[in-house]
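Reading through the structure tokens given below for one structure.
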Amino acid sequence: MTDPLFGTLCVIGPGLIGSSVLRRLRAHPELVSHLVVADRDPGVLERVRDLDLGDIVTDDLSAAVRDADCVMLCVPVGAIAPIAEAIMPHLKPGAILTDVGSTRRSVVDALTPHLRGDIAYVPAHPMAGTEHSGPDAGFATLFEDRWCLLTPAPDVPARAIDRIAAFWSAMGARIRVMDVDHHDTICAMVSHLPHLIAFTICGTADTLAEDMRSEVLDFAASGFRDFTRIAASDPTMWRDIFLNNSDALLSVLDRFSQDASAMAQAIRDGDEKTIVDTISRGRRIRRSLLENRQA
Ligand SMILES: NC(=O)c1ccc[n+]([C@@H]2O[C@H](COP(=O)([O-])OP(=O)(O)OC[C@H]3O[C@@H](n4cnc5c(N)ncnc54)[C@H](O)[C@@H]3O)[C@@H](O)[C@H]2O)c1
Ligand SMILES: O=C(O)C(=O)C[C@]1(C(=O)O)C=C[C@@H](O)C=C1
């Protein structure tokens, strides 16, 4: 029998992501021997107990981390650094600290000054999720064949990075190690901007429906519905993402606005070539994504 990856793992914030990790660990008990789960919300803790996702379930974060070989923060981005600061004095010597936050630079900058010398911090962002939140939303296969982006500082010991990489491989994910700012630029484009557009387009349709006193939304077919899926995501999580990745997000939003204006101009001018070229590009991207997924 192989040794477990961690003797004790503590998950703080057993929502969609945290509870998916815990479900996978329950399905593969050889990976981690002992699971400690902490949250500030009594309702969440009750569900975690009902679902039997932890061996110890508590609202006492300091006590929860005391014996943990690895502590994983699965809370909204704005709560990561404050929680890390609060638990820092209570961490076991030599423990690994990790999180699953969707943005990196502002979190790393806020957290690093509080980092103890004997604690390795290895942020890991799984590029997987749904529009749902909370412990009931998770599922054990969420991370299968999805990327997990690791952004450790250059001085983090390789042993700790390897552990977290092995952990996410066991979750079914593919691993890529990258620089913090590079991570934020990529995620601004492929995740944060699409969500911003989805939230905005729903608002526009809703306002139009009110203005016209009409049933615009009643006739929403699948194109609009595809936007509403991601627009149903958690407001606190997305507020934190937008505010914590503002520079990269505003920069891609600027480019998007220019491209949308160019499309508007092409429509105004009856410029068929530009319109067809732009649509064809989208079609090519969709097809190459589907091919890569099947590969
Ligand atoms: N949802 C996604 O699609 C997705 C994908 C990848 C990464 N992420 C990131 O993962 C993290 C968690 O997202 P989620 O969708 O699982 O969220 P969630 O809302 O489902 O769960 C978050 C949990 O954190 C708890 N929490 C919040 N503040 C806390 C605090 N101060 N102290 C203790 N507990 C606290 C909440 O009670 C909740 O149980 C976020 O940083 C998010 O950016 C989300
Ligand atoms: O599929 C979804 O619903 C998601 O929103 C998942 C998604 C994404 O944008 O792809 C959302 C935020 C994350 O940090 C990573 C993944």
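Order of appearance sets the numbers: ligands from 1, and atoms from 1 within every ligand. All values derive from a computational prediction rather than experimental measurement.
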**Asked** Ion pair present between Asp179 and Arg104, side-chain N to carboxylate O less than 4.0 angstrom?
**Response** no
**Asked** Can you tell me how far CZ of Arg284 sits from CZ of Arg281, rounded to the nearest 0.5 angstrom?
**Response** 7.5 Å
**Prompt:** Can you find a pair of side-chain heavy atoms, one from Cys70 and one from Ile164, that are under 4.5 Å apart?
**Reply:** yes
**Request:** Run the numbers for me: atoms of ligand 1, each under 4.0 Å from some heavy atom of Val77, listed by number.
**Result:** 41 (O), 43 (O)
**Prompt:** Nearest to atom 22 (C) of ligand 1, what protein heavy atom do you find, and at what distance?
**Reply:** Cys74 O, 3.7 Å
**Request:** May I ask you to check whether Asp39 has an N/O atom sitting below 3.5 Å from an N/O atom of ligand 1?
**Result:** yes
**Message:** To check you understand the geometry: which heavy-atom pair defines the closest contact between Phe6 and Ile96, and what is its length?
**Reply:** CE2-CD1, 4.0 Å
**Student check: side-chain heavy atoms of Arg26 and Leu22 closer than 4.5 Å** = no
**Prompt:** Can you tell me the protein heavy atom closest to atom 26 (N) of ligand 1 and the distance?
**Reply:** Val75 CG1, 3.8 Å
**Asked** So, is Val190 polar-close to ligand 2, with some N/O to N/O distance under 3.5 Å?
**Response** no
**Item:** Thr130 heavy atom under 4.0 Å from ligand 1
**Value:** yes
**Message:** Quick check on contacts: which atoms of ligand 1 are under 4.0 angstrom from a heavy atom of Gly101?
**Reply:** 41 (O)
**Prompt:** Step by step, would you call Arg105 with Asp181 a salt bridge (charged side-chain N to carboxylate O under 4.0 Å, His left out)?
**Reply:** CA-CA 6 Å; Arg105 169 55 62 198; Asp181 296 309; 2.9 Å; yes
**Complete:** Thr130 heavy atoms within 4.0 Å reach ligand 2 at atoms 2 (C), 3 (O)
**Shortest protein heavy-atom distance from atom 6 (C) of ligand 1, along with the residue and atom involved** = Pro126 O, 3.2 Å
**Asked** Any idea which atoms of ligand 1 are less than 4.0 Å away from a heavy-atom of Ser133?
**Response** 19 (O), 20 (O)
**Asked** Are Phe256 and Leu196 side-chain neighbours, meaning at least one heavy-atom pair lies under 4.5 Å?
**Response** no
**Prompt:** In the protein, which heavy atom is nearest to atom 32 (N) of ligand 1, and how far is it?
**Reply:** Ile83 CD1, 3.4 Å
**Complete:** For Val44, the ligand 1 atoms with a heavy-atom partner under 4.0 Å come out as 39 (O)
**Nearest-option assignment for atom 4 (C) of ligand 2, heavy atoms, candidates Met237, His125, His195, Glu131** = His195
**Prompt:** Can a non-hydrogen atom of Ala38 be found less than 4.0 Å from any atom of ligand 1?
**Reply:** no
**Message:** With a 4.5 Å cut-off on side-chain heavy atoms, are Leu142 and Met171 touching?
**Reply:** no
**Nitrogen or oxygen of Leu61 less than 3.5 angstrom from that of ligand 1** = no
**Complete:** Nearest non-hydrogen protein atom to atom 3 (O) of ligand 1, with distance, is Gly129 CA, 3.2 Å
**Side chain, backbone, both or neither: the part of Ile17 lying under 4.0 Å from ligand 1 by heavy atom** = both
**Request:** For Val100, counting its heavy atoms only, list the atoms of ligand 1 lying under 4.0 Å from any of them.
**Result:** 7 (C), 8 (N), 9 (C), 10 (O), 11 (C)
**Asked** Any side-chain heavy-atom pair from Pro4 and Val32 closer than 4.5 angstrom?
**Response** no
**Prompt:** So which heavy atom on Arg116 is nearest to which on Met88, and how close?
**Reply:** NH1-O, 2.7 Å
**Prompt:** Between Trp238 and His195, what is the ring plane arrangement, given parallel below 30°, perpendicular above 60°, and tilted in between?
**Reply:** parallel
**Item:** side-chain contact (heavy atoms from CB on, under 4.5 Å) partner of Leu97, the single match among Val122, Val65, Ile80, Leu111
**Value:** Leu111
**Message:** Any atom of ligand 2 sitting under 4.0 Å from a heavy atom of Trp238?
**Reply:** yes
**Message:** Quick check: do Val48 and Ser19 have side-chain heavy atoms less than 4.5 Å from each other?
**Reply:** no
**Item:** Pick from Arg40, His132, Met237: the one approaching atom 33 (C) of ligand 1 most closely through a non-hydrogen atom
**Value:** Arg40
**Fill in**
the protein heavy atom lying closest to atom 16 (C) of ligand 2 turns out to be Ala128 N, 3.8 Å
**Asked** Looking just at side-chain N and O atoms, do Arg268 and Gln265 make a donor-acceptor pair shorter than 3.5 Å?
**Response** yes
**Asked** Judging by distance only, is a nitrogen or oxygen of Ser102 under 3.5 angstrom from one on ligand 1?
**Response** yes
**Request:** Check Ala128 against ligand 1 and report side chain, backbone, both or neither, counting heavy atoms closer than 4.0 Å.
**Result:** backbone
**Prompt:** How does Arg229 reach ligand 2, by side chain, by backbone, by both or by neither, if only non-hydrogen atoms under 4.0 Å count?
**Reply:** side chain
**Prompt:** So do Leu25 and Leu53 actually touch side chain to side chain, heavy atoms under 4.5 Å?
**Reply:** no
**Request:** Please could you name the atoms of ligand 2 that Ser102 approaches to less than 4.0 Å, counting only its heavy atoms?
**Result:** 13 (C), 14 (O)
**Request:** Determine the minimum heavy-atom distance between Ala64 and Val36, stating which atoms define it.
**Result:** O-CG1, 3.6 Å
**Message:** Are any of the N/O atoms on Leu16, whether in the backbone or the side chain, positioned under 3.5 angstrom from an N/O atom of ligand 1?
**Reply:** yes
**Request:** Pick one of side chain, backbone, both or neither for how Met127 approaches ligand 1, counting any non-hydrogen atom pair under 4.0 Å.
**Result:** neither
**Message:** Checking a contact table here: which protein heavy atom is nearest atom 27 (C) of ligand 1, and how many Å away?
**Reply:** Pro76 CD, 3.4 Å
**Prompt:** CD of Glu272: more than 12 outside heavy atoms within 6.0 angstrom?
**Reply:** no
**From Ser191, Ser233, Pro194 - option closest to atom 10 (O) of ligand 2 by heavy atom** = Ser191
**Shortest protein contact, atom 21 (O) of ligand 1 (heavy atom only)** = Gly15 CA, 3.2 Å
